[in-house]
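These notes are about the structure you will find just below.
Keep in mind that the numbers below use all heavy atoms, side chains included, and drop hydrogens, waters and symmetry copies. Both ligands and their constituent atoms are indexed starting at 1 by order of listing.
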Amino acid sequence: MNNHYGSLAALVYDLDKPIGRTFGNELSFYRSRLSECRGPILEPGVGNGRLLIPLLEAGLNVEGFDASKDMLLRCLAHCRERHLSPRLDQMRFQDFSYAHRFDAVIVPVGSFQLIGEFAEALSVLRRFHDHLVPDGRLIIDLDPAGKIIDSSTSIRSWPTDDGELITLQAQHASFDYIAQRRVSHLRYERWRDTRLIETQLELFTLRWWGVDEFMLAMEAAGFRDIVVSGSHEHGRAPNADDWIITFEGRRAGSR
Ligand SMILES: C[S@@+](CC[C@H](N)C(=O)[O-])C[C@H]1O[C@@H](n2cnc3c(N)ncnc32)[C@H](O)[C@@H]1O
C-alpha cells in the first residue's frame with residue numbers, strides 16, 4: 001500500500017504529467033548531460049514514460065524499470081503508440097538487477113525520495129553504482145526539503161476523456177523529523193454523474209535529504225566528482241529558490 005502507484009494513481013499521473021510534460025529546462029538538461037553516452041542508460045522508476053519517451057525520441061538508448069505494474073502498462077502503451085520498444089521491466093529500486101552495465105543511471109523528479117529508510121537508500125545508491133560501467137554517471141534529482149516539510153493539504157481534480165472526474169485529496173498524516181520522512185494519505189476517487197464509482201487510498205512516504213548529507217551518501221556509495229546543481233543549471237550551486245536539486249557523480253575507474 002505504501003508508494004504503490006495503483007491504477008487510479010497511474011491514471012492521475014498520466015492526466016497530470018503526460019508524455020513530454022517536462023519541467024523548466026529538464027529535457028534539455030538531460031539531453032545535454034547524456035549526449036556523450038554511447039551505451040545504454042537506465043531510468044529506475046520510469047513511470048508512464050513522461051521523460052523516457054522524449055529521450056528515446058532524441059535518439060538516446062534508454063531502458064527503464066518500475067515497481068508499479070499500472071505505471072508500466074501505461075508506459076508500454078505510450079511507447080507502442082509511438083512505435084518505440086525500449087526494454088521495460090517490473091523491478092524495485094531495492095533489488096533490481098541487470099546482466100549488463102549502463103553508461104548512466106538517471107532518477108528524475110525526486111523519485112529517489114520514495115525510499116523512506118536511510119540505510120535502504122544507501123544500499124540502492126550502491127546498487128546504482130554497481131550497475132554503471134567504470135566512469136559511468138548517476139544523475140539524481142531531489143526535491144528541496146522545504147517542499148516536503150510543507151504541511152498544507154491539497155485537493156485536485158481532473159476530468160477524463162470518458163466524462164468522469166478523478167479527485168485526489170492529499171493529507172499529511174505524519175512527519176518524522178528524526179528519520180526525515182513524511183507519510184501522506186492520498187485518497188483517489190473516481191466520480192461519474194455525481195456518483196462515487198471507485199476509491200483507492202495510497203500511503204505515500206517521502207524522505208527529505210540535506211544537500212551535504214546526500215553528497216556524503218553518494219561518496220559512501222563509491223561515487224566521485226560529485227556536482228550539485230540548482231534547477232537543472234549544471235554546475236550552478238543550489239540556492240533557496242531552486243525547485244529541484246540535481247546530484248551527478250561518477251563511478252571511479254577507467255573503462
Ligand atoms: C514520481 S514518479 C516518476 C516517474 C518518471 N520517472 C518521471 O520522471 O515522470 C515515481 C515512480 O517511481 C515508482 N516507484 C515507487 N517506488 C518504487 C520502487 N521501490 N522501485 C521502483 N519504482 C518505484 C512509481 O511506481 C512511479 O512510477
query: Where do F247 and V211 come nearest, in terms of heavy atoms and distance?
result: CE2-O, 3.5 Å
Nearest heavy atoms of P40 and R101, plus distance in Å: CG-O, 3.7 Å
query: Less than 4.0 Å between a side-chain N and a carboxylate O, is that true for E26 and R50?
result: yes
task: Looking only at non-hydrogen atoms, find the nearest pair between G39 and D103 and report the distance.
output: N-OD2, 2.8 Å
query: Do the numbers put R207 on top of the ring of W209, so that NZ or CZ is under 6.0 Å from the six-membered ring centre and no more than 45° off the axis?
result: yes
message: Listing request: all salt bridge (Lys or Arg N to Asp or Glu O under 4.0 Å) pairs with a residue in residues 152-161, at least two apart in sequence or in separate chains.
response: D16-R156
Can you give me a line-by-line list of nitrogen or oxygen pairs between ligand 1 and the protein shorter than 3.5 Å?
from	atom 1	to	atom 2	distance (Å)
ligand 1	6 (N)	E43	OE2	2.6
ligand 1	6 (N)	G45	O	2.7
ligand 1	8 (O)	R50	NE	3.4
ligand 1	8 (O)	R50	NH2	2.8
ligand 1	9 (O)	Y13	OH	2.6
ligand 1	9 (O)	R50	NE	2.7
ligand 1	19 (N)	Q94	OE1	3.1
ligand 1	20 (N)	F93	N	2.9
ligand 1	22 (N)	A67	N	3.3
ligand 1	25 (O)	D66	OD1	2.6
ligand 1	27 (O)	D66	OD1	3.4
ligand 1	27 (O)	D66	OD2	2.6

